[in-house]
Trainee: 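Structure provided below as structure tokens; questions to follow.
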Amino acid sequence: MIVVMNHGADKKDVEAVVERLEKTGFQIHLSAGVERTIIGAIGDKTRIGDLALEAMPGVEKVVPILMPFKLASRNFQEQNTVIRVGNIEIGGDAIQVMAGPCAVESKEQLLEAALRVKEAGATILRGGAFKPRTSPYSFQGLEEKGLEMLAEAREATGLYIVTEVMDPRTLPLVAQYTDIIQIGTRNMQNFFLLKEVATAGKPVLLKRGLSATIEEWLMAAEYIISGGNSQVILCERGIRTFETYTRNSLDLTSVPILKHLSHLPVIVDPSHAIGKWRYVQPMARASIAAGADGLIIEVHPRPSEALCDGPQSLTPENFKILMDEVRQVSRLMNRKMDDVS
Ligand code: PEP
Ligand code: MN
């Protein structure tokens, strides 16, 4: 349930409502906006009737929420969540592009990728140090050495870092190196991991589960927000369908739907959705046109030599073309594109 306070409500009014709710066992999340305060209350909604909240001073209305996600919902927070990473913002006026190799393979590979994506206008460097591979015989990532290389590349380029965590045991390590923690598709409903990243103090890039509905995905975000971290970025990366020509099916309808249902930033990963580099550029353009706040794109200096996801990786040259096109679509959408320098 959400309690909307009216414009004139003062601190005492808010505190009285909070106290009454807490006494009845509700968990409270306050959103103190410039215009008005909104109180999110999570608990046994059969008890709302006994509380006479609407009769309390300063209360404008009580809105029962039928959807199971509350803190992630736009009913709870009307204005967009804008996440600050260094001197850039995700979910603000500017489109942000994260780019880099699927996996960190070596210092040279990563630095070359980083310099090239930066030159083209990316602001965040992606690269996996812990890789979730379908086969246990495939390259599993360089682990801590990979994290060190990411930090070196950040130092050398000024790009921010996003990298995946797969296991709560390595979370402190990953959080120490990265600017944004990525939760991969296979872990979207690893509730234990979600509760842990909620306390890591870093923004979280939450990828959509392979077969997750939008509601399940927002419930996963709800785990992180209710655990104390409201800095969640949703990432559409394609879902499993009957289509086998592409690796997954890019569900771009999720972008306007999420923008309607939620205040969280939404970015799109056309690389993992499609799995074939030649279709990444058009779907990157479409993602921005659909209202996404950014993109995450796999780029490798030599895709044919990549240890992971070469077929979907763009060359730096093709990435530059993508960025020039995305810049044009961004302009049409009245969005800016930042750079880190
Ligand atoms: C990735 O971004 O490297 C990755 C493994 O993506 P996903 O979890 O979407 O498959
Ligand atoms: Mn990949």
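Remember, it's 1-based here, ligands and their atoms both numbered in the order they're listed. Since this is a predicted model, take the numbers as computed values, not measurements.
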Trainee: Quick one: nearest non-hydrogen protein atom to atom 6 (O) of ligand 1, plus distance?
Mentor: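 The answer is K207 NZ, 2.9 Å.
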Trainee: Tell me whether ligand 1 is touched by R208 - counting only heavy atoms on the residue side and a distance under 4.0 Å.
Mentor: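 Per 4.0 Å heavy-atom rule, R208 does not contact ligand 1.
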Trainee: Between K202 and D179, does at least one N-O distance fall below 4.0 Å, as a salt bridge requires?
Mentor: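 No, no charged N to carboxylate O under 4.0 Å.
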Trainee: Using 4.0 Å as the upper bound for N to carboxylate O, is an ion pair formed by K107 and E152?
Mentor: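 Counted as a salt bridge, because a side-chain N and a carboxylate O are separated by less than 4.0 Å.
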Trainee: With the threshold set at 4.0 Å, does a side-chain nitrogen-carboxylate oxygen contact exist between E60 and R36?
Mentor: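 Yes, charged N to carboxylate O under 4.0 Å.
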Trainee: Quick check: does any side chain N or O of S138 sit under 3.5 Å from a backbone N or O of R133, one acting as donor and the other as acceptor?
Mentor: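 No, S138 side chain to R133 backbone: no donor-acceptor pair under 3.5 Å.
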Trainee: Go through ligand 1 atom by atom and flag the ones less than 4.0 Å from a non-hydrogen atom of R237.
Mentor: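 What qualifies from ligand 1 is 7 (P), 9 (O), 10 (O).
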Trainee: Would D251 and R208 satisfy side chain to side chain contact (heavy atoms under 4.5 Å, CB included), going step by step from the backbone distance to the final call?
Mentor: CA-CA 10 Å; D251 178 16; R208 182 177 187 174; 2.9 Å; yes
Trainee: For E243, does the CD atom have more than 12 heavy-atom neighbours from other residues, nucleotides or ligands under 6.0 Å away?
Mentor: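 Check passes, neighbour count above 12.
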Trainee: Would you say that I214 contacts F69 through its side chain, given a criterion of any heavy-atom pair below 4.5 Å between the two side chains?
Mentor: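 No, side chains not in contact.
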Trainee: Please give the atom name: the N, O or S atom of E298 nearest to the Mn ion (ligand 2).
Mentor: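 In E298, the N, O or S atom with the shortest distance to the Mn ion (ligand 2) is OE2.
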Trainee: Which protein non-hydrogen atom lies closest to atom 8 (O) of ligand 1, naming both residue and atom, and how far is it?
Mentor: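 The protein heavy atom lying closest is T185 N, 2.8 Å.
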Trainee: At the Mn ion (ligand 2), what's the angle from C102 SG to H272 NE2, rounded to 10 degrees?
Mentor: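 Centred on the Mn ion (ligand 2), the SG/NE2 angle is 160° (to 10°).
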Trainee: Considering only heavy atoms, which of R133, H272, M188, R186 lies nearest to atom 4 (C) of ligand 1?
Mentor: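 Residue with the shortest heavy-atom distance to the ligand atom: H272.
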Trainee: Taking only heavy atoms of E164 into account, list the atoms of ligand 1 that are under 4.0 Å away from them.
Mentor: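 Result: 5 (C).
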Trainee: Quick one: report the N, O or S atom of D309 that is nearest to the Mn ion (ligand 2).
Mentor: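 Output for this pair reads OD2.
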Trainee: G184 heavy atoms, cut-off 4.0 Å: which ligand 1 atoms fall inside?
Mentor: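 The atoms of ligand 1 under 4.0 Å from a heavy atom of G184 are 8 (O).
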